[in-house]
Amino acid sequence: MTVNDYDAMAAAYSEDNERNPWNALYERPAILALAGDVRSLHVLDAGCGGGAHAAALVERGALVSGFDFSERLLALARLRLGTQVPLVRADLRASLPYADARFDLVLSALVMHYVEDWSTPLREFRRILKPGGRLVFSVHHPFMDHVLAKGEDYFATYAFEDSWERDGRKVTMRFWHHPLSAMLGALHTAGFSIEHITEPMPLECARSKFPDAYRILTTAPRFLFFSARTQ
Ligand SMILES: C[S@@+](CC[C@H](N)C(=O)[O-])C[C@H]1O[C@@H](n2cnc3c(N)ncnc32)[C@H](O)[C@@H]1O
């Protein structure tokens, strides 16, 4: 069985991601707010998917590069972004194809919970960031995924599966639950100091457009957002 098969659902995933309340009215606005003013900054979108964040970063004046594991999502991102955004296939669990101190900011949206061991990606992010550069990322909130997974031990790092339906097909997704203390420890060990950890609210317009999602997002944790700086 293939898990996390973004290639199989690339178009449907990308289209849904563009407009659903979780991504469009909650995750993207929140992480872009955390990124702040990116004008003229060299920014890497790590796990760029179909390129929605990269497009928003370009619009805000950043010089953007991106990578992802899924060839098909990369193809959609290329169509959307053109040649102004260099995109490559790379795996967060291995060395990244970028020079040391290349970026001012690494932004990674909803990708780290696909990775069991954060030491390699965080070490690589630190290497490719300039001294004092920032890492801004979002992940499944550990209190949400522990409930979703019906996990037995919150303090353990463990994998769990969920079933998504896209384009009428069921896709098995496998995520890694990390307790908050493990996330903080991994950032500290990799040489990052944490600036902000946020539990944002959705945009107010979600209240009337998507009342059910709005109620869920304003009453229970969903994603957790970090801003950390290289020491
Ligand atoms: C939930 S999607 C998020 C996509 C995009 N960042 C967004 O928020 O719209 C997760 C993305 O992580 C990518 N991904 C998963 N594991 C990866 C890995 N080991 N290395 C690189 N990308 C990975 C997937 O291909 C997918 O594009």
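Keep in mind that what you see is a predicted model, and the values were worked out from it rather than measured.
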Checking T218 side chain against R215 main chain: does a donor-acceptor pair fall under 3.5 Å?
yes
Output the distance between atom CG (L135) and atom CG (L129), rounded to the nearest 0.5 Å.
6.5 Å
Run the salt-bridge test on R80 and E18 with the 4.0 Å N-O cut-off and return the result as yes or no.
yes
Within the 4.5 Å heavy-atom criterion, are I216 and W22 side-chain neighbours or not?
yes
Provide the closest heavy-atom pair for P211 versus S208 in the form atom of the first, atom of the second, distance.
CD-O, 3.6 Å
Does CZ in R89 sit with more than 12 non-hydrogen atoms of other residues, nucleotides or ligands closer than 6.0 Å?
yes
Taking the side chain from D104 and the backbone from G133, do they hold a donor-acceptor pair closer than 3.5 Å?
no
Are the side chain of H42 and the backbone N or O of R102 linked by a donor-acceptor pair below 3.5 Å?
no
Looking only at heavy atoms, which two atoms of R127 and L96 are closest? And how far apart?
NH2-O, 3.0 Å
Sub-4.5 Å side-chain heavy-atom contact between I197 and L224:
yes
On a heavy-atom basis, the closest approach of L180 and Y154 is N-OH, 2.9 Å
Check: L110 and N23 side chains under 4.5 Å, non-hydrogen atoms:
yes
With rounding to the nearest 0.5 angstrom, report the NZ to CH2 distance, K170 to W164.
14.0 Å
Establish whether V58 and V38 are linked, either directly or via other cluster members, by ILVMFWY side-chain heavy-atom contacts under 4.5 Å.
yes
Rounded to the nearest 0.5 Å, how far does CG of L187 lie from CD of Q231?
10.0 Å
State, with a plain yes or no, whether a side-chain heavy atom of H178 is found less than 4.5 Å away from one of P142.
no
What's the shortest heavy-atom distance between F223 and H140, and which atoms?
CE2-CD2, 3.9 Å
Heavy-atom check, side chain of F125 versus side chain of F137, under 4.5 Å:
no
Are M183 and F226 close enough that some pair of their side-chain heavy atoms sits under 4.5 Å apart?
yes
Just do the side chain to side chain contact (heavy atoms under 4.5 Å, CB included) check on M112 and F175 with the steps written out, would you?
CA-CA 9 Å; M112 291 295 277; F175 307 115; over 6 Å; no
Could you go through C48 and L74, starting from their C-alpha distance and side-chain angles, then the distance that decides it, and tell me whether this counts as side chain to side chain contact (heavy atoms under 4.5 Å, CB included)?
CA-CA 8 Å; C48 61; L74 280 172; 3.9 Å; yes
Report yes or no: does T198 contribute a side-chain atom to a donor-acceptor pair with the main-chain N or O of L34 at less than 3.5 Å?
no
Assess the side chains of D117 and S119: does a donor N or O sit below 3.5 Å from an acceptor N or O?
yes
Heavy atoms, side chains only, cut-off 4.5 Å: are F69 and Y6 in contact?
no
Any donor-acceptor pair under 3.5 Å linking the side-chain atoms of E161 with those of T172?
no
With distance as the sole test, does R134 use its side chain to make a donor-acceptor pair with the main-chain N or O of A35 at under 3.5 Å?
yes
I'd like to know if the side chain of H177 pairs up with that of D145 as donor and acceptor (distance under 3.5 Å, no hydrogens or angles considered).
yes
A side-chain contact here means heavy atoms from C-beta on lying under 4.5 Å apart; do Y98 and V88 qualify?
yes
Any donor-acceptor N/O pair, D162 side chain to M173 backbone, under 3.5 Å
no
Backbone of A24 reached by a side-chain donor or acceptor of E27 within 3.5 Å:
no
Shortest non-hydrogen pair, I31 vs S108, comes out as CD1-O, 3.9 Å
Please determine, by modelled atom types, if Y26 and Y214 share a side-chain donor-acceptor pair under 3.5 angstrom.
no
Looking at E15, I want to see if its CD is surrounded by more than 12 non-hydrogen atoms of other residues, nucleotides or ligands under 6.0 Å.
no
How long is the span from the CD atom in E195 to the OG atom in S227, to the nearest 0.5 Å?
4.0 Å
Rounded to the nearest 0.5 Å, what's the gap from CG on D212 to CG on L217? Could you check?
11.0 Å
How long is the span from the CG atom in L57 to the CZ atom in R39, to the nearest 0.5 Å?
13.5 Å
Kindly give the heavy-atom pair with the smallest separation between R72 and A10, and that separation in Å.
CB-CB, 3.5 Å
Within a 6.0 Å radius of atom CD on E152, are there more than 12 heavy atoms belonging to other residues, nucleotides or ligands?
no
Side-chain donor or acceptor of T230 paired with backbone N/O of G132 under 3.5 Å:
yes
Should Y13 and V171 be marked as a side chain to side chain contact (heavy atoms under 4.5 Å, CB included) after you check the CA-CA gap, both sets of side-chain angles, and the distance that decides it?
CA-CA 11 Å; Y13 172 79; V171 188; over 6 Å; no
Run the side chain to side chain contact (heavy atoms under 4.5 Å, CB included) test on L44 and F67 for me, step by step, so that the C-alpha distance in whole Å, both residues' side-chain angles and the decisive distance to 0.1 Å come before the verdict.
CA-CA 8 Å; L44 175 67; F67 75 86; 3.9 Å; yes
With A12, which residues qualify under side chain to side chain contact (heavy atoms under 4.5 Å, CB included), at least two apart?
R166, D167
